[in-house]
Amino acid sequence: MSIYVFVYGTLRAGEINDLAQAAAGRGLPAARYVGPASVPGRLVDFGDWPGLIPVEDGRRVRGDVFRVEPALLALMDEIEEYDPEKPGCFLRREVAALLGTPADGRAAAAEARYLACQYYPIDPALRGAAVDIEADDWVGYRRARPAPEGR
């Protein structure tokens, strides 16, 4: 049984928790790339990783959709420190991801294709001192920002 997931931060290709590398490291079936997508939300910066706060004000966060097997979803839960029995920063929820880029979605709204996906927003009450990000793409934002002192 395959599950669709939307990833927006460190689980994306080339990032510190790259989904393909995580699967290979555990001997799990590889995630199958579906395509770029976006979901309602805004990003916050925790330093080495982002958080996504769901919003209904028209803002969207860009990321990628993958099809995964349940064992890989369990590994993602581990990486994100998600346990439904315990409070934590990350939650796992279902979201309707709009396939394509936000610009594509606006231009072809009549042909918009949504896909039900699991994703990991943060609990807004646990955002602490995380800084709001105006960008809609964590990877682009992270690459463009100045390196923190001492790195």
Side-chain angles (χ1 to χ4, degrees), residues 1-24 28-82 84 88-147:
M1 177 180 118
S2 293
I3 300 161
Y4 292 100
V5 296
F6 172 82
V7 297
Y8 61 90
T10 66
L11 290 165
R12 290 175 74 186
E15 295 298 299
I16 59 175
N17 292 317
D18 182 307
L19 195 51
Q21 291 178 3
L28 297 173
R32 283 171 250 133
Y33 183 70
V34 174
S38 66
V39 300
R42 66 181 167 102
L43 292 169
V44 294
D45 184 350
F46 284 95
D48 290 335
W49 47 277
L52 185 155
I53 297 175
V55 297
E56 298 297 330
D57 63 5
R59 288 183 284 181
R60 300 190 70 82
V61 171
R62 291 190 293 159
D64 299 297
V65 171
F66 290 88
R67 192 169 63 198
V68 303
E69 297 303 316
L72 187 50
L73 185 63
L75 175 57
M76 294 171 67
D77 286 351
E78 183 181 323
I79 290 168
E80 300 294 3
E81 299 178 359
Y82 168 73
C89 185
F90 284 101
L91 310 168
R92 179 161 44 91
R93 300 289 185 258
E94 187 169 293
V95 67
L98 174 60
L99 296 177
T101 63
D104 293 341
R106 283 192 294 273
E111 300 169 18
R113 183 171 164 223
Y114 289 89
L115 188 61
C117 296
Q118 295 293 300
Y119 82 133
Y120 296 89
I122 64 165
D123 179 342
L126 299 178
R127 72 171 283 169
V131 177
D132 287 343
I133 297 172
E134 292 301 319
D136 63 356
D137 181 355
W138 166 256
V139 175
Y141 166 81
R142 183 192 56 72
R143 289 179 178 160
R145 73 179 178 186

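The structure presented is a predicted model; accordingly, all values stated were derived computationally and were not measured. One-based numbering along the sequence shown.
Scored by the ring pair (Phe, Tyr, Trp, His ring centres under 6.0 Å) test, Tyr114 finds no partners at all (sequence neighbours excluded). With sequence neighbours left out, Asp57 forms a salt bridge (charged side-chain N to carboxylate O under 4.0 Å, His left out) with Arg59. Applying the side chain to side chain contact (heavy atoms under 4.5 Å, CB included) test to Glu78 and every residue at least two apart in sequence or in another chain returns Arg26, Leu75. Applying the side chain to side chain contact (heavy atoms under 4.5 Å, CB included) rule to Arg32 yields the partners Ser2, Arg67, Glu69; only residues at least two apart in sequence or on another chain are considered. Taking the side chain to side chain contact (heavy atoms under 4.5 Å, CB included) definition, one finds that Glu94 meets it with Ala116, Gln118, sequence neighbours left out.
For Phe90 and Trp49, the ring centers are positioned less than 6.0 Å apart. For Tyr33 and Phe66, the ring centers sit closer than 6.0 Å to each other.
The nearest pair of heavy atoms linking Arg93 to Pro121 is CG-CG, 4.1 Å. Taking both residues in full, the closest heavy atoms of Phe6 and Cys117 are given as N-CB, 3.8 Å, listed atom of the first, atom of the second, then distance. Gly9 and Trp138 make their closest contact through CA-CD1, 3.7 Å (heavy atoms, listed as atom of the first residue, atom of the second, distance). For Ala96 against Pro40, the heavy-atom pair with the smallest separation is O-CD, 4.4 Å.
Applying side chain to side chain contact (heavy atoms under 4.5 Å, CB included) to Val44 and the options Val131, Ile133, Ile53 leaves one that passes, Ile53.
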Is there a side-chain contact (heavy atoms from CB on, under 4.5 Å) between Val39 and Tyr119? Walk through the geometry before answering. CA-CA 10 Å; Val39 300; Tyr119 82 133; 4.3 Å; yes

side-chain contact (heavy atoms from CB on, under 4.5 Å) between Leu11 and Asp18, worked out: CA-CA 5 Å; Leu11 290 165; Asp18 182 307; over 6 Å; no

Check against side-chain contact (heavy atoms from CB on, under 4.5 Å), Leu19 and Leu72: CA-CA 9 Å; Leu19 195 51; Leu72 187 50; 4.1 Å; yes

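Side-chain polar atoms of Asp136 and Tyr141 form no donor-acceptor pair below 3.5 angstrom.
Residue Ile122 holds its CD1 atom at 5.0 Å from SG of Cys89, rounded to the nearest 0.5 Å. The OH atom of Tyr120 lies 5.0 Å from the CZ atom of Arg92; values are rounded to the nearest 0.5 Å. Rounded to the nearest 0.5 Å, atoms OH (Tyr4) and CG (Leu73) are 14.0 Å apart. Here the straight-line distance linking atom CZ of Arg127 with atom CG of Leu52 works out to 11.5 Å at 0.5 Å rounding.
Pro50 places a side-chain heavy atom less than 4.5 Å from the side chain of Thr10.
Among residues at least two apart or in separate chains, salt bridge (Lys or Arg N to Asp or Glu O under 4.0 Å) pairs with a member in residues 5-15 are Arg12-Asp64, Arg12-Asp137, Glu15-Arg142.
Judged purely by atom type and a 3.5 angstrom limit, Arg62 has no side-chain atom pairing as donor or acceptor with the backbone of Ser38.
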